[in-house]
Amino acid sequence: MVDSEVLDEQAVEAADASHSAKVGDHQPGSTGISNQKLAMWAFLGSECLLFGGLISGYLLYRNNNQDGPAAAEIFDIPFTSVSSFVLLMSSLTMVLALSAITRGDHPRTRLWILTTALLGAVFIGGQVYEFTSFYREGLGYTTSPFSSAFFTLTGFHGVHVSMGIVMLMSLYFSSVRGKLKTENAETVEIVGLYWHFVDVVWIFIFTVVYLMAKGI
Amino acid sequence: MRRLRLPAALLSVVAFVAGCADDAELDTLKPEGEYSEQIDNLIDPIFIVAFLVFFLILGLTLFMWAKYRVTEYEEGDWPEQVHGKTSWEIGWTFIPFAIMAAIGAFTWILLSDLNATEANALPIQTAEGEVMWDPHVVVVGQQWWWEYRYYFDADKLEELDDANGNPAKDLPPADIVTAGQLVMPIGEEVELTITSRDVIHSHWIPALNGKRDAVPGRFSPWKIQANDPGLYFGQCTEFCGLSHSRMRMQAVALTPEDFQEWVTAQLADAETPPGAEAWLEAYRAADGSEVEAPEATGAQRGLVAFTQNCASCHLVQGVNDLTYDGATQVSGAAPNLTHFASRTTLAGGILDLYNPDGTLNRNNLESWLRNPEAIKANAAPERGMPNLGLSEETIDDLVDYLETLGPRPSDEMIAATQVD
Amino acid sequence: MAITEEPPLELEAGDPLPEYAEQPLGVLTRPSGNTGIASWLFTVDHKRIGIMYGVFAMFFFLIGGLEALAIRIQLAVPGNDFLSAETYNQVFTTHGVTMIFLVIMPLAAAFANYLIPLQIGARDVAFPRMNALSLWVWFFGGLFLCSSVIIGGWWENAPDGGWFNYAPNHGVAFSPSKGIDFYAIGLQITGIGSLVSAVNLIVTCLNMRAKGMTLFRMPVLTWMLLITQFLLLFAVPVITVALFFLMFDRLYDANFFNPDAGSDPLLWQHLFWIFGHPEVYILILPSFGIISEVIPVFSRKPIFGYKVMVFSGIAIGFMGWGVWAHHMFVSGLGPISVTAFSMSTMLIAVPTGVKIFNWLATMLGGRLKFNTAMLFAVGVVSMFTIGGLSGVTHAVAPADTQQTDTYYIVAHFHYVIFGGALLGIFAGFYFWWPKAFGYKLNERWGKWNFWLQIVGFNLTFGPMHILGLQGMSRRIDTYSEGFGFELWNLVASVGAFVIFLGVLIFVINIFVSQRQAKHLPPVGPDPWDARGLEWMTASPTPEHNFDEEIEVQQVDEFWFRKYDIDDDGTVHRIATGDEVAQPGTATGVHLPAPSYWPMVLAAGLPFIGYGLIYNLWLCVLGGLLVAAGSFGWVFEPADDPDAHHGGHDDHGDHDDDPDTDPEAAAALDAPEGADDVAIESEEAPVG
Amino acid sequence: MSSETLSDTVEAGMHDADHHDADHHHHPSDRKYVGIAIGLAIITAVEVLTFYVDFGPLFIPSLLLMMFVKFYYVCGWFMHLKLDSPMFTKFFVAGLVLAAGVYVVMLSASQLWDNI
Ligand code: HEA
Ligand code: HEA
Ligand code: CUA
Ligand SMILES: [Cu+2]
């Protein structure tokens, strides 16, 4: 995972390098926007092309299951619905964390950050479970173009979520040690942007990959 | 006047393109069929437009060099500071746009012409009697030779459909299968269905039409047509691994009568060397177990050697067709040798099978059998033909035998070939 | 903005930086000093990074060029066996990959890094350490790619699938050596470098501009580079996807490109060319920008149609996304796709033509001084046009079925890349050399350089048009007699050696001129009487770029500070360049401090690459390096906290013990600038 | 992204000092966030319902519509694109539109819709 690791490194970088929100200190660039946030959004724009490619690969091969199980046969919609719901709610807790830190409410900030990370971890746990049960049912990584594309797409997403958890936990620990101050709200915001983006990608995947498997 | 070197060089380029070398067998500007002519008619004027535009730009540059050049700047010597002129901008946006629109329109028209198919069905005498054949050949590329499959029964073509995997590896049996040379009747639109058994290749007979890739898993339609009888050279043009440069082919265009004759000959089983009939019958009945070989002519011994060394990969209709189930190659195929000697080249169109005087080019054939890899590099034994370590006697016998797999091509074709 | 006015420290800008105190980590001291090798390896200065891009790229150019010479020797005569088919396939593949990813792209990056901050009047890029990271990631990725030539045997293990490496020939079944693994992983690594740098430079262009430097006052070069970065930003992930698919196919038996499992090999082609076509504009737009700076200066006229130049660049960048399938006209796309892509491709000729005409109009009526930089720039105008016009003939899809994969294509892209991108870059070398190094390149040698290069270039690639139309396929390791290929191949081979000589003269010129310069007066800030902000400071550029922030009022600000135009249109000098330019002697300018970590982090990536190919333990090592690099990075304030300078202490965060976790450490020092020079200001807070 | 609008934003940002802190203020209240999340949860529930109930020809369109609504709310509110500098929206939308454009064309030209 050379790539995603470093890409996320970059996200971390953008996030940590955030600067104070204290009015007066604030030195916006020519556009009045913070460099870090701009960088994060540029990066997210670029990620659209990355996930777009992975999703297209999946769409191309979704019905090509060779002798292995087909999508509609193997997906466990109730299970995935629950984990999708979990991930969706983690977006709420993420935004609540941001809201708390802008108010200067640090205990809440920590609570919500930790909840977000936990929800993310539950999602990852669900994915691990899902992968193993698919594997037991005969859908290995090399079984068919469908399986390769499916695991690659959802795996990439899972790696993104995991990187997000790492970032959240760093935020959490710095907050525990009192390093995450109200001025650093932008750091939380930037990690949040990344987190929501990953959630948004899942909204797409859940609909197009899972729910539509029945129809197309 | 150094600067004039450049236009001078370019002028000589133009002059040369106009009167290209005579032996340029692959020349794209020498069309010999309807479609290549259409392409040529489209592109020739575009070349002229391109040259004009280029000379305009170069001319303007030279003009400015001549007119406005200074060697040193003098203080205060400033030209008028022009920042732009909207009317000019509009002009040089619109004029090129108009030119491109015109080129685009002609391109569009030709594209739809080239994509339309209107082949006439041809009457063909087959073993079962006369059939109407929609001139159609399935072209299969593999490392590093081309196979041409003729299905006279159109229903068979319908069967070309994907199984679980690469359908080209599992094609329905064809009436005629050749390698390296696409034989076609003149004056007719011949449809091609192009595919591949391994990697992507590209089928290209420049004199007859442009190229079309052979993509595994896909059947790409294409068509060619030749005005006159003759032999037209081609070359695989998509990089396909080690011996890509040695993957060639020829289209052989015949008059309708000659074509019918060719078909009749190809439909027949291979000839058996005189005196070997009984042995062959026993061999075919024995289904793989040893049959005592006749001690006789080279061709007879060659037949035996063929069954021992070559039959695992090559098919000769009438010899091992009962037992043959595909070559042990990545592509699952090796050239069908049933009427091998009726071609004028071998090994993917790179070696002459006949000398200019019409005799068999034993030298080429022998060196091929001696060590094919020296002529065409193989990445692995499953790619191309391996070195079988045959003795010189066996090689001699095999050549004797292969020569019997006729009928011999016409003298005109032999004369037209001469590839190496 | 990013400019310090008050000298808070008694420090001469040219002096070595003071010794840095020990860092919170307690183990390593921060790299210090601004001389010696270390000061280059760990620098975060955009100028040094730019220069290093250039030097490394020239090194790869030598490699790619020698490969080209090997190709030409092999093809000089029919039936040659100088190279075996096996070697030949690796040589042309690495030639293509090296030239594109390790020569032209980084040469453009060299100009982008060096010039963007200068042209917009900034202190540095937005994220200086990330800038260093991009450089090293790219460079190590490049070394990784090249190492395939040596590792596992001399020319036995290099990629051999061509630079676009079509499926399924790139699969293990057909290319069992490790070469294509090197290709897949190496290009991912260099891709990370490009992506990071794209984000960085985009933010820089948008956010770091000097006061008054609105977008439509940015020089055309900066504009073209900005567009290039957007193309990279969006194109790199596409090839990343393709390379991941390929890597998984090869290493873990996935089925993305396996026709035997019913996969579609065209998926690779689409993904590759969705990246690949924007990529060719990534190669050319920087050169378009460069000559848009050179031609006005040596015509003594402003660029003709500034806005049109900018918009046509944007149009090219935009349209570049809609034409990729013109590389696939014969792949078996349906007729509708072919028609649509044929039409869209033709349209690109329009904005490109607009540029050509605007350059010509800039020269029209000017005072043209044909020194070497100008010669190269004008060379681009005519040579690129040849390539562009052959491009138009490919766009005619039916004709392309005759042309594609022949030497006619090889001729096209060498004309646009060599005759366009590379000649433009040479124009840039000659033009900005005094700015970067403080001396001019010798004109006599320069002219030899130019003429040998242009004559050699036309000798080499001109005949390839003929060869291609005569039906010579590309990527063939040899050809037979009797097709009429002999003469022109020989000519092309001779030409390649002439090019080699030309480039060699350039290299010699560097040393000759450096030596001569010792006996010449210093070039001064503005040796060409130029127009952009980059000339408004001393040459070579001082470490801090500008002494004080420049307030920009118009395009070509610098020129307008030197000259005045009367009502009747005559030009009057109001000041000399030396008077207007800043002396570059400001003191106490606070600059981002050097850092080890980008280098450490980047060094981990090739190990991960080798690990994936050979032994997973190496991945662990690489992973550790990456982790160490990133942790060190976030622990380390972008700026040296001990290089205190007045006016900043009031942020009062320094009493915190910064030895804990990364976020906190970075965050606490953020007011010092984090990785962001924008907040480097000593000016009064905005209010 | 249209450069025209890009530059508009940029110029606006430059000359309008009041805008500088736009990205730090006026976040909606927590209540609003929770409300949005409840809405999103309900939509998700309806989405899941399509798995059990036959939506007939509306199946795909309704799923796409719901997906889009969720997408919009998360990006608009949780990522506060609605409140932040329009520049961010442009970056993101540029990526989205470009991705949608090229990949839809790619899939159409591939086997998804045969023979185009
Ligand atoms: C710097 C890189 C660069 C640039 C700028 C271009 C520019 C263009 N390219 Fe090129 N191209 C490549 C690099 C580049 N290309 C490479 C590397 C390949 C091969 C890849 C491979 O296969 O390995 C390739 C291949 C390639 C193909 C595929 C050929 C094939 O493989 O079959 C096509 C097909 O349409 C094409 C078209 C064009 C066109 C129309 C332009 C246009 O942008 C050109 C526009 C410019 C002009 C037209 C000249 C100036 C205009 C005027 C003076 C106005 C008046 C003109 C007219 C009215 C005609 N290119
Ligand atoms: C940036 C792009 C670039 C550049 C500059 C070049 C430059 C050259 N190219 Fe290349 N070429 C490609 C990109 C480029 N090429 C690509 C993409 C392909 C397709 C590959 C594929 O099919 O996959 C290709 C393919 C290609 C082929 C076709 C191979 C084939 O299809 O079989 C040929 C054949 O002649 C060729 C020749 C040359 C020659 C003679 C040069 C000469 O111009 C080179 C001259 C340069 C030198 C000789 C170097 C001199 C340098 C120094 C002296 C440096 C000194 C510096 C220091 C000491 C620090 N190239
Ligand atoms: Cu087959 Cu090239
Ligand atoms: Cu292109």
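Letters A, B, ... mirror the listed sequences (proteins, then strands); counts begin at 1.
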Value rounded to 0.5 Å, distance of [atom1] in [X] from [atom2] in [Y]:
X	Y	atom1	atom2	answer
I203(A)	K70(D)	CD1	NZ	5.0 Å
F51(D)	Y210(A)	CZ	OH	12.5 Å
M40(A)	F88(D)	CE	CZ	11.5 Å
T207(A)	M66(D)	OG1	CE	8.0 Å
L81(D)	L193(A)	CG	CG	8.0 Å

Any donor-acceptor pair under 3.5 Å from Y103(D) side chain to L49(A) backbone:
yes
Among the options D199(A), V200(A), L44(A), pick out the one with the most heavy-atom pairs lying under 4.5 Å from chain D.
V200(A)
Contact winner vs chain D - A100(A), C48(A), G192(A), heavy-atom pairs under 4.5 Å
C48(A)
Of all residues at least two apart in sequence or in a different chain, which pass the ring pair (Phe, Tyr, Trp, His ring centres under 6.0 Å) check with F68(D)?
none
Could you please state which residues from residues 77-94 of chain A sit under 4.5 angstrom from chain D, measuring non-hydrogen atom to non-hydrogen atom, sorted by number, or 'none'?
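Residues I77(A), P78(A), S81(A), F85(A), L88(A), M89(A), S91(A), L92(A) are the ones that qualify, each having a heavy atom under 4.5 Å from chain D.
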L98(A), part contacting chain D, at a heavy-atom distance under 4.5 Å:
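For L98(A), the side chain is the part near chain D, not the backbone.
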So which part of F206(A) gets closer than 4.5 Å to some heavy atom of chain D, the side chain, the backbone, both or neither?
side chain
Over all heavy atoms of both residues, which pair between L107(D) and S56(A) is shortest? Give the atoms and the distance, please.
CD2-O, 3.6 Å
State, to 0.1 Å, how close M79(D) and W41(A) come at their nearest heavy-atom pair, and which atoms those are.
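Nearest heavy atoms, M79(D) then W41(A): CE-CH2, 3.7 Å.
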If you count heavy-atom pairs under 4.5 Å with chain A, which of L63(D), L98(D), V48(D), T44(D) comes out on top?
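The answer is L63(D).
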Side-chain donor-acceptor distances from residues 28-39 of chain D under 3.5 Å, at least two apart:
from: S29(D); atom 1: OG; to: K32(D); atom 2: N; distance (Å): 3.3
from: D30(D); atom 1: OD1; to: S99(A); atom 2: OG; distance (Å): 2.3
from: D30(D); atom 1: OD2; to: R103(A); atom 2: NH1; distance (Å): 3.1

Mind running side-chain contact (heavy atoms from CB on, under 4.5 Å) on M212(A) and L64(D) for me, showing each step along the way?
CA-CA 10 Å; M212(A) 287 188 186; L64(D) 287 176; 3.4 Å; yes
Name, in order of residue number, those residues of residues 71-78 of chain D that have a heavy atom at a distance of less than 4.5 Å from a heavy atom in chain A; otherwise write 'none'.
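Listed by number: F71(D), V74(D), C75(D), F78(D).
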